[in-house]
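In what follows, a single structure is set out as structure tokens and then discussed.
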There are 2 protein chains.
Amino acid sequence: MTDRRIKRSNRALLDASFQVLLHNPHASLSEIANQAGVGRATLYRHFPTRENLLAAIAIESLEIVEQATAKRLRCELRETSAIEQLVSALLPLADRFHFLQMMWTDIELDAEVCALYEQQMAALERWITAGQRNGVLSEQLQPQWIVAMLDSMLYSASWLISTHALSPKEAEQQLLIGLLNGISGHKPTG
Amino acid sequence: MTDRRIKRSNRALLDASFQVLLHNPHASLSEIANQAGVGRATLYRHFPTRENLLAAIAIESLEIVEQATAKRLRCELRETSAIEQLVSALLPLADRFHFLQMMWTDIELDAEVCALYEQQMAALERWITAGQRNGVLSEQLQPQWIVAMLDSMLYSASWLISTHALSPKEAEQQLLIGLLNGISGHKPTG
DNA sequence: ATTTAATGAGACGCTATTGTATCATAAAGT
DNA sequence: ACTTTATGATACAATAGCGTCTCATTAAAT
């Protein structure tokens, strides 16, 4: 019933377009098709319009993130190690965050993208609020600000990794210290 | 000697293009010229190419940032309040950071842009390194990571302000707490 | 008042990209 | 083996944006 070629082309296109657009947001659909090893016509058969393609990548990205976080977010946040684990799980996906942020202007009009995004944001905010109740997270900060910090620091980490300023290991370490303790010198040790 | 009209058109173009591109990165030069209340031909007389225009905005943005920070960065970082003052000075310029980040792919090829950028980054890193020596900033973190955190959190703040999720005042407060102390609950108070 | 030159309006050619349509081929399903 | 259909190649029309040029107008400089 379902032709294997469809799935194969679809994968090749989603993978290639993600990689190509990540490094050149202005890339034409021809370039993308070439990089995917697929005819331009085939690209249009799978994704009728450019917006459509971008939305598809965004949705896949959001689903990947969801898959990596869903289990962790389901159980209540009780100790700091859970945050460390979340960051560890999310950091390898920083490219996806990068893409979503970079293309936000183009994809924010898509209903499914928005729905997924808001859904995940809501889940994350609930998790964080629980963490605040449990004393793991500061109650001085608003949940949405903590979400924003997490998001933007993942982006920073991926940036520094991609420019080889930091190794992935270093980046993760720095991110956790900075996120959890801030940048202040250790005055609490007084 | 110098015709006032030149300066006036130039200002109108720089201001309008910054605002327009901030909200629609794909805006055409026609739209920009319209918004500036200037003919399209005039735009081309001032900025021969699109890249040229983008670079000009970037350079102006970097100069604005430099003007706002130079004095503060010149005197050594000795106490936390200096950081708070830097953030206060920088937060109103978050739109400029936003622009630079959003257009980075398009402007990173310009020599002057790169020079200004690296120069400011270097100054900031020196300031931070001094702050670490003085015990104001954590020595566990690499200067470039602290820079990245500052940058990305300014971006986050401007985002939340622009979406009306946080008021400017709230955003500044949350930013400072998060940046200096991190998101952890107060375990040091034990 | 006269000269200078920046501007606005518009026409023009050019290129790149988009999206559609066609048709032979070859791979997959039965 | 036979049928179905996804694909690749190609041609095509349509659009949009870019960059150049011209010329009358009008503001500014002297």
Side-chain angles (χ1 to χ4, degrees), chain A residues 1-60 99 102-103 105-110 113, chain B residues 1-60 99 102-103 105-110 113:
Chain A
M1 188 76 183
T2 60
D3 198 319
R4 295 175 250 169
R5 285 172 294 180
I6 298 179
K7 191 178 275 184
R8 195 162 53 89
S9 295
N10 212 268
R11 265 263 56 80
L13 283 167
L14 284 173
D15 291 343
S17 53
F18 174 66
Q19 293 297 339
V20 170
L21 291 171
L22 200 58
H23 294 91
N24 173 22
H26 301 328
S28 70
L29 298 184
S30 303
E31 294 180 59
I32 291 172
N34 283 337
Q35 193 64 29
V38 150
R40 197 169 67 96
T42 300
L43 192 158
Y44 278 101
R45 287 186 194 105
H46 285 256
F47 306 100
T49 140
R50 187 190 181 85
E51 279 185 0
N52 201 302
L53 173 63
L54 294 180
I57 306 172
I59 289 168
E60 188 183 37
F99 180 90
M102 191 168 56
M103 296 293 179
T105 317
D106 303 294
I107 61 182
E108 68 177 337
L109 301 174
D110 185 277
V113 169
Chain B
M1 187 77 181
T2 58
D3 198 320
R4 295 175 250 169
R5 285 172 293 180
I6 298 179
K7 191 178 275 183
R8 195 163 52 88
S9 295
N10 212 268
R11 265 265 55 80
L13 282 168
L14 283 173
D15 291 343
S17 52
F18 173 66
Q19 293 298 338
V20 170
L21 289 171
L22 199 58
H23 294 91
N24 173 22
H26 301 327
S28 70
L29 298 183
S30 304
E31 293 180 59
I32 292 172
N34 282 337
Q35 193 64 29
V38 149
R40 196 168 68 97
T42 300
L43 190 159
Y44 279 101
R45 287 186 193 104
H46 285 256
F47 307 100
T49 139
R50 187 192 180 86
E51 280 184 0
N52 201 301
L53 174 63
L54 295 180
I57 306 171
I59 289 168
E60 189 184 38
F99 180 88
M102 190 168 57
M103 294 295 179
T105 316
D106 303 294
I107 61 181
E108 68 177 337
L109 301 175
D110 185 277
V113 169

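Below, all heavy atoms of this structure are taken into account, side chains as well, without hydrogens, waters or symmetry copies. Per chain, numbering begins at 1; letters A, B, ... match sequence-line order.
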**OP:** With the side chain counted from C-beta on, respond yes when A:Ile57 and A:Ile107 share a heavy-atom pair under 4.5 Å apart, and no when they do not.
**Re:** no
For [X], all residues meeting side chain to side chain contact (heavy atoms under 4.5 Å, CB included), sequence neighbours excluded:
X        : answer
B:Arg5   : B:Asp3, B:Arg8
A:Asn52  : A:Phe47, A:Pro48, A:Thr49
A:Thr105 : B:Pro25

Original post:
Below 4.0 angstrom from OP1 or OP2 of D:dA6, is there any side-chain N or O of A:Thr42?
Top reply: no
Separation of [N] [atom2] from [X] [atom1] (nearest whole Å):
X       : N      : atom1 : atom2 : answer
A:Leu43 : D:dA6  : CG    : P     : 16 Å
A:Ile6  : C:dA28 : CD1   : P     : 12 Å
A:Arg4  : C:dA26 : CZ    : C1'   : 13 Å
A:Asp3  : D:dA6  : CG    : C1'   : 6 Å

Original post:
Quick one: CG on A:Asp106 to CG on A:Leu53, what's the gap to the nearest 0.5 Å?
Top reply: 11.0 Å
Original post:
What distance separates A:Ile59 CD1 from A:Leu14 CG, expressed to the nearest 0.5 Å?
Top reply: 10.0 Å
Original post:
Hey, does A:Arg5 reach any base, or is it just sugar-phosphate, or nothing, if we go heavy atoms under 4.0 Å?
Top reply: base
**OP:** Look at atom CD of B:Glu51 and say whether more than 12 heavy atoms of other residues, nucleotides or ligands are closer to it than 6.0 Å.
**Re:** no
Original post:
When you measure from every atom of DNA chain C, which of residues 8-38 of chain A have a heavy atom less than 4.0 Å away?
Top reply: A:Ser28, A:Leu29
Original post:
Any donor and acceptor pair, going by atom type alone, linking the side chain of B:Ser9 with main-chain N or O of B:Ile6 inside 3.5 Å?
Top reply: no
Original post:
How would you list, by chain and number, every residue that makes a salt bridge (Lys or Arg N to Asp or Glu O under 4.0 Å) with B:Arg11, sequence neighbours excluded?
Top reply: B:Asp15, B:Glu60
Please list, chain by chain and in numerical order, all residues satisfying side-chain hydrogen bond (donor to acceptor under 3.5 Å, both in side chains) with [X], sequence neighbours excluded.
X       : result
A:Gln19 : none
A:Asn10 : A:His46
A:Gln35 : none

**OP:** Output the residues of residues 44-54 of chain A in contact with DNA chain D, where contact means a heavy atom of the residue under 4.0 Å from an atom of the strand; sort by number or write none.
**Re:** A:Arg45, A:His46
Original post:
Quick one: bend of the helix from C:dA1-D:dT30 to C:dT30-D:dA1 from 5 pairs per end, to 10°?
Top reply: 40°
Original post:
When every nucleotide of nucleotides 10-16 of chain D is labelled 5' to 3' by its protein contacts under 4.0 Å (heavy atoms), B for base, S for sugar-phosphate only, - for none, what sequence of letters results?
Top reply: -B-----
Subject >> Residue pairs, two or more places apart or on separate chains, that pass ring-ring contact (aromatic ring centres under 6.0 Å, His included) and touch residues 6-40 of chain A >> reply: A:Phe18-A:Phe99
